[in-house]
2 protein chains.
Amino acid sequence: MTTTPTADWLRLDQQICFSLNAASRAFGGVYRVVLKDLGLTYPQYLVMLVLWEHGDLPVKKLGEHLRLDSGTLSPLLKRLEAAGLVRRERSARDERSVEVRLTEEGAAMRERALQVPRRIATATGFDVDEIRALRARLDQLTEALDAAAVEEAAVNAAAESPGRGA
Amino acid sequence: MTTTPTADWLRLDQQICFSLNAASRAFGGVYRVVLKDLGLTYPQYLVMLVLWEHGDLPVKKLGEHLRLDSGTLSPLLKRLEAAGLVRRERSARDERSVEVRLTEEGAAMRERALQVPRRIATATGFDVDEIRALRARLDQLTEALDAAAVEEAAVNAAAESPGRGA
DNA sequence: CGTCATTTAGTTGTAGGCAATTGAATTGTG
DNA sequence: CACAATTCAATTGCCTACAACTAAATGACG
């Protein structure tokens with residue numbers, strides 16, 4: 001049982017989100033180096049991962065896997081297309097939808113990418129089980145935060161227009 | 001002891017960095033909502049935290065606390081200045097340096113910000129000790145990654161120009 | 001004193017991320 | 001069928017992040 005003075009709650013080094021941010025950006029640094037020979041940025045690499053795993057997908061599905069919307073994906077996919085790794089084709093069945101397809105070159109890159117996860121895993125200094133445990137913890141955190149964001153948004157909306165409360 | 005087929009290493013849901021990214025962005029969502037009445041973005045809030053904790057600081061020091069460089073801080077600080085929370089003044093002793101000072105309004109905002117960490121902590125669904133443990137784990141991860149980035153960069157540099165090896 | 005390397009902010013260019021809007025296609029409903 | 005609501009991708013605008021570069025000021029050293 002550890003009590004903390006209220007004032008200290010504002011200390012930067014107590015903010016979990018700061019540690020999280022720092023770790024995320026540190027990963028960015030490692031990926032930047034490791035992905036350089038593939039010519040990919042980290043988010044582009046994530047898109048390729050999804051395509052390698054699931055095959056061709058509409059932008060919508062891609063976004064669901066990655067939790068990204070079209071505002072982020074559209075320009076990113078254009079860059080992948082310009083790099084020759086991907087084609088974007090309007091679906092014939094549903095003209096609203098755009099299918100993202102791997103090119104030969106994009107599919108071929110998978111082989112070269114196989115070494116990436118191992119290099120990254122090594123860089124973390126964690127073993128497989130530690131990584132798994134941390135992942136589980138983070139996913140749990142994300143779930144709680146997503147739920148809370150909805151809650152908070154509802155509270156805020158109620159505060160702005162005190163319409164019909166429960 | 002769990003062996004994983006090499007091919008599976010590319011699976012998105014095995015990438016620790018993805019969980020990390022997702023959590024980081026989920027935090028972003030909560031902070032966006034919680035910080036709305038303060039009119040701050042999350043990185044701006046971090047800057048304010050540092051200033052509240054350490055008082056006026058040159059841009060350089062601010063960047064060291066936050067691991068951000070002038071390319072990120074300069075425009076961000078301009079926005080804080082435009083919002084009236086901060087002043088930027090060329091140091092008299094060293095004209096290269098720019099002191100970032102809290103305005104009355106900026107200092108006063110601290111009171112209103114005191115509630116933020118509690119709301120965020122609640123949103124995580126974790127208790128204080130769980131947060132502390134996760135923070136420690138993440139900081140450890142960041143340290144390992146920072147070290148590895150340097151290693152990898154050295155390897156890459158050596159590969160590009162095979163100059164004098166050890 | 002003068003020159004040169006270093007330090008410090010700022011700027012530019014590229015790339016994410018996200019909210020809000022737009023426009024086209026599809027679906028549901030009368 | 002007609003028309004409204006919905007879905008989907010793209011676009012716009014704003015805010016990070018970071019590499020590479022510029023410009024000004026400082027410090028060290030011959």
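Letters go in sequence order (proteins before strands), and every chain restarts at 1.
- A salt bridge between B:E89 and B:R101 is present, with a side-chain N of the basic residue lying under 4.0 Å from a carboxylate O of the acidic one.
- DNA chain D is contacted by both A:E99 and A:R32; A:E99 maps to the nucleotide lying nearer its 5′ end (nearest heavy atom per residue).
- On a pure distance criterion of 3.5 Å, a polar donor-acceptor pair joins the side chain of B:S70 and the base of C:dG10.
- A:T41 comes within contact range of the sugar-phosphate backbone alone, with a heavy-atom separation under 4.0 Å but no base atom that close.
- Between B:R25 and B:P75, the residue anchored nearer the 5' end of DNA chain C, judged by the nucleotide with its closest heavy atom, is B:P75.
- For B:R96, the listed nucleotide lying nearest its side chain is D:dA25; candidates were C:dG10, D:dA25, D:dT11.
- Distance A:L77 CG to D:dA9 P: 10 Å, rounded to the nearest Å.
- Between B:L66 atom CG and C:dA9 atom P the separation is 13 Å, expressed in whole Å.
- Among the heavy atoms of the strands, none lies under 4.0 Å from A:L73.
- Rounded to an integer number of Å, the gap from CG of B:L80 to C1' of D:dC15 is 12 Å.
- In this model, the phosphate group of D:dC15 is not approached by any side-chain N or O of B:K78 to a distance below 4.0 Å at OP1 or OP2.
- Atoms CG (B:L76) and C1' (D:dC18) sit 14 Å apart, rounded to a whole Å.
- If you take CG of A:D69 and P of C:dG17, they are 11 Å apart, rounded to a whole angstrom.
- OP1 and OP2 of D:dA9 both lie 4.0 Å or more from every side-chain N or O belonging to A:R88.
- Between A:R90 and D:dA9 there is no side-chain polar atom (N or O) within less than 4.0 angstrom of OP1 or OP2.
- For A:S74 against D:dA9, no side-chain N or O and base N or O form a donor-acceptor pair under 3.5 Å.
- Ionic pairing of B:R137 and A:E130 is present here: one or more N-O contacts between side-chain nitrogen and carboxylate oxygen are shorter than 4.0 angstrom.
- Remark: of the listed residues A:V47, A:L62, A:L57, A:L62 is the sole one forming a side-chain contact (heavy atoms from CB on, under 4.5 Å) with A:V100.
- Regarding contacts with the backbone of D:dA10, every side-chain N or O of A:K60 stays at 4.0 angstrom or more from both OP1 and OP2.
- For B:E95, the listed nucleotide lying nearest its side chain is D:dA25; candidates were D:dA25, C:dA15, C:dC18.
- Minimum atom distance to the side chain of B:T72 is reached by D:dT16, of the listed C:dA9, D:dT16, D:dA9.
- Salt-bridge annotation for A:D146 and A:R67: present, with a side-chain N of the basic residue lying under 4.0 Å from a carboxylate O of the acidic one.
- Of the candidates C:dA25, C:dA9, C:dA15, the closest approach to any side-chain atom of B:V59 belongs to C:dA9.
- Per the geometry, CZ belonging to A:R79 stands 10 Å off P belonging to C:dG17, to the nearest Å.
- Of the candidate nucleotides C:dT8, D:dA17, C:dC18, D:dA17 has the atom lying nearest to any side-chain atom of B:L68.
- Rounded to an integer number of Å, the gap from CG of B:L62 to P of C:dT8 is 14 Å.
- Between A:E95 and A:R90 there is no salt bridge, since no side-chain N of the basic residue sits under 4.0 Å from a carboxylate O of the acidic one.
- A straight line from CG of B:L57 to P of C:dT8 spans 13 Å, rounded to a whole angstrom.
- Looking at heavy-atom distances under 4.0 Å, B:P58 makes contact with sugar-phosphate atoms alone, never a base.
- For B:L20 against A:L20, the heavy-atom pair with the smallest separation is CD1-CD1, 3.6 Å.
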